[in-house]
Amino acid sequence: MIVMKFGGTSVEDARAMNNVIDIIKREQARQPIVVISAIAGATNTLLKAASMSLEGQLDEAHARLNRLLERHVTIAENLIDDRATIQQLIMSFKRRFEELKNLCQGIALLGEHTTRSLDAIASVGERLSSLILAEALEQRGIPVELVDARSFIITSDQFTAATPLLEHIEVKIKEILPPIVQSGKIPVTQGFIGSTLKGVTSTLGRGGSDYTASIIGSTLGAQEIQIWTDVDGVLTADPRIVPQAQTLEVISFREASELAYFGAKVLHPSTILPAVEKKIPVIVLNSKKPDRGGTRIIANPPHSALSVKSIASKKGITVINIQSSRMLMAYGFLEMIFSIFNKYKTPVDLVSTSEVAVSLTIDNPTHLEQIVIELETAADVSVLTEKAIICAIGESLRSTGGVANRIFRALGDINVLMISQGASEINMSLVIEEEDIDEAVRRLHAEFFERKSA
Ligand code: ADP
Ligand code: ASP
Ligand code: MG
């Protein structure tokens, strides 16, 4: 059994969906379970419609929803031949869009949207794309069963970033999916969406379809988890910043998690975790060029001659500097600081300490104000916004000397505000100004991947 996840660009139009159908057909003998994202841009449009409703721009929100409905109708019409099936699909789409418009109306009337209502709205993208794909596969004579992911991805009620409740999920997945596979059908389900114990629709956070695929794969002990996307695999940098970035044939679970965590959007940061526990290989592949080999993410790849495997970057970083003379020799000070971040459920990415100061970074400033107020009761605090993290990642960083030197030389006149060598020793992270980040990525890429001696 394998899990195949297709991202938004892999199902953006009828031609892309046709590619997906061919790819699934080729793997039919390996008993695939298919996880699908919303069509490219749908989740953004849905959330935009919600925020426009909040601002009272209901007409514009409706216009956007109508255009999204049209895109789905066009895909169905170009993908499916049978008129009656198309009509049925269009009716289902229209019902969903009526629900959406009611939700938007509610938001406009109340003048507020809850995270719960945002998840109800965002979930429609995956519910529609999966409906089309399942119908199209059926029409091509491939036996499928559309399974609502909300029946088995049970989550906390932290809407928009819900935590999967794995013990509940395991029971449900084992109950629902294997019998479908054993009956010779391919289960088609949605990524990203789930439901709380009370049955309220939730989502796993943006990019969460990868996570769904990995949860299913690890629960059922899949042979592999395939992540089909719009690039050839995991590359030496984001190809949008460095067009000449190269595809990595194989990387370790640890390298992949650090890359995802530090901004490589190609994988959701939590994807690797369930796969690691069961040592299930994750393979990243290009649905537009399915014959390329992709990148295999495995537990113990052979030793690589590359000291750095990839450069990741993340914008929108806030640096918090905390200074206190009382900190001198005072144990418990760091604990006090972290307990404040814990209280506001705000993860800290990088930390660097000296005798009298601690600098740390966060990427979610939602509770910044309260955090600073509490920190100020014990220390002097200053906050720097619009910063970015650049991160060089590679297992061989541990055993290679001179990497830091090469990084600083390559960065040249770009100002570095903070440095951290991750505890895992496989990444070296620097904080710089947000406006410098793309240039910094290009410079490090040139240093480590575009020189003969690299
Ligand atoms: P999907 O819709 O298939 O989930 P995403 O847009 O979430 O696709 O992720 C794929 C994108 O990730 C690529 O188009 C690429 O721009 C970006 N990306 C960032 N860093 C990397 C990297 N190191 N390797 C590959 N892709 C990367
Ligand atoms: N559709 C969701 C998003 O755009 C989930 C995903 O694509 O993985 O974030
Ligand atoms: Mg993604």
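First listed ligand is number 1; within each ligand, the first listed atom is number 1. Along the sequence shown, the residues carry numbers beginning at 1. Small disclaimer: the values here were computed from a predicted structure and weren't measured.
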Heavy atoms only, cut-off 4.0 Å: how does Glu126 contact ligand 2, side chain, backbone, both, or neither?
side chain
When distances are taken from atom 8 (O) of ligand 1, the protein heavy atom at minimum range is Thr229 OG1, 3.2 Å
Under the criterion side chain to side chain donor-acceptor pair (under 3.5 Å), which of Asp232, Asn19, Asp230 is the partner of Asn286?
Asp232
When you compare the side chain of Lys101 with that of Cys104, does any pair of heavy atoms fall below 4.5 Å?
no
Does atom CZ of Arg116 have more than 12 heavy-atom neighbours, drawn from other residues, nucleotides or ligands, at distances under 6.0 Å?
no
Any idea which part of His268 is under 4.0 Å from ligand 1, heavy-atom wise: side chain, backbone, both or neither?
neither
Among protein heavy atoms, which sits nearest to atom 13 (C) of ligand 1, and what does the distance come to when rounded to 0.1 Å?
Asp230 OD1, 3.6 Å
Flag Ala264 as yes when one of its N or O atoms lies below 3.5 Å from any N or O atom of ligand 1, and as no otherwise.
no
Heavy atom of the protein closest to atom 23 (N) of ligand 1 (residue, atom name, distance)
Leu235 O, 3.1 Å
Lys278 atom NZ: more than 12 heavy-atom contacts under 6.0 Å
yes
Applying a strict 4.0 Å limit to heavy atoms, is Gly7 in contact with ligand 2?
no
Between Glu135 (side chain only) and Ile132 (backbone N and O only), is there a donor and an acceptor less than 3.5 Å apart?
no
In the protein, which heavy atom is nearest to atom 6 (C) of ligand 2, and how far is it?
Ser209 OG, 3.3 Å
May I ask you to identify, for Val231, whether its side chain, its backbone, both or neither come under 4.0 Å of ligand 1 on a heavy-atom basis?
side chain
Within 45° of the six-membered ring axis of Tyr261 and under 6.0 Å from that ring's centre, is NZ or CZ of Lys314 located there?
yes
Is a donor on one side and an acceptor on the other found under 3.5 Å between the side chain of Arg71 and the backbone of Glu12?
yes
Please report which non-hydrogen protein atom sits nearest to atom 4 (O) of ligand 2, along with the residue it belongs to and the distance in Å to one decimal place.
Arg206 NH2, 2.9 Å
Among the heavy atoms of Gly207, does any lie under 4.0 Å from an atom of ligand 2?
yes
For atom 15 (C) of ligand 1, what is the nearest protein heavy atom, given as residue, atom name and distance?
Asp238 OD1, 3.5 Å
Go through it in stages, so that I can follow the logic: the residues are Phe6 and Thr229, the test is side-chain contact (heavy atoms from CB on, under 4.5 Å), and I'd like the CA-CA distance, side-chain angles, deciding distance and then a yes or no.
CA-CA 6 Å; Phe6 296 92; Thr229 183; over 6 Å; no
Asp210 N/O under 3.5 Å from ligand 2 N/O:
no
protein heavy-atom neighbour closest to atom 2 (O) of ligand 1 works out as Gly8 N, 3.1 Å
Taking only heavy atoms of Val234, which atoms of ligand 1 are found under 4.0 Å from at least one of them?
24 (N)
protein heavy-atom neighbour closest to atom 12 (O) of ligand 1 works out as Val266 N, 3.3 Å
Residue Glu27 excluded, over 12 heavy atoms near CD under 6.0 Å:
yes
Which of the atoms in ligand 1, numbered in the order shown and given with their element, are less than 4.0 Å from a heavy-atom of Lys5?
4 (O)
Residue, atom and distance of the protein heavy atom nearest atom 7 (O) of ligand 2 read Ser37 OG, 3.3 Å
Please lay out, stage by stage, how Lys315 and Glu434 fare under the test salt bridge (charged side-chain N to carboxylate O under 4.0 Å, His left out).
CA-CA 6 Å; Lys315 292 184 184 168; Glu434 206 171 62; over 6 Å; no
The atoms of ligand 1 lying under 4.0 Å from a heavy atom of Gly233, numbered in the order shown, are 24 (N), 25 (C)
Which residue owns the protein heavy atom closest to atom 6 (O) of ligand 1, what's the atom, and how far is it?
Lys265 NZ, 3.0 Å
Any side-chain heavy-atom pair from Ile186 and Leu137 closer than 4.5 angstrom?
no
Do the non-hydrogen side-chain atoms of Glu145 and Pro187 ever get within less than 4.5 Å of each other?
no
